Amino acid sequence: MNPRPQNEPKPIRLVFELARADNPRLYDELARFPQGAKRVNRLRVLAYDGLLAQYGVFAVDEARQVPPPVASEVPRSATLTNDVFGPSLEE
């Protein structure tokens, strides 16, 4: 096994307990999957999608709980990605 390079960050390991009373919608979504890799991957997808929505990459209609970031905080790549579906340059 190759040792991890000095500048590469260590992986984050999370172990947590989620009761249905804490967040029923998230609990029900995760309970659909068997315990293990499929459930963990679903949580990863939900977390990543939530992060993208928080930074304005995904538009969420009136369901946004977090105020939108200041324009200078939105990565340039997010702005470019959102413009992909904009109007055509040629008319």
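Source: prediction; values computed, not measured.
Residues meeting the side chain to side chain donor-acceptor pair (under 3.5 Å) test with R13, sequence neighbours left out: none. D22 pairs by the salt bridge (charged side-chain N to carboxylate O under 4.0 Å, His left out) definition with nothing, not counting sequence neighbours. Partners of Y48 according to the side-chain contact (heavy atoms from CB on, under 4.5 Å) rule, which considers only residues two or more places apart in sequence or in another chain, are L52. A search for side chain to side chain donor-acceptor pair (under 3.5 Å) contacts involving R25 returns nothing, not counting sequence neighbours.
Residue pairs that meet the salt bridge (charged side-chain N to carboxylate O under 4.0 Å, His left out) test with at least one member in residues 33-44, sequence neighbours left out, are E29-R42.
Counting Ile, Leu, Val, Met, Phe, Trp and Tyr side chains that sit under 4.5 Å apart, directly or through other members, V15 stands alone, with no cluster partners. Grouping Ile, Leu, Val, Met, Phe, Trp and Tyr residues whose side-chain heavy atoms lie under 4.5 Å apart, directly or via other members, places L14 in a hydrophobic cluster with I12.
Across every non-hydrogen atom of P24 and A21, the tightest pair is CD-O, 4.3 Å.
The closest side-chain heavy-atom distance from F33 to L43 is not below 4.5 Å.
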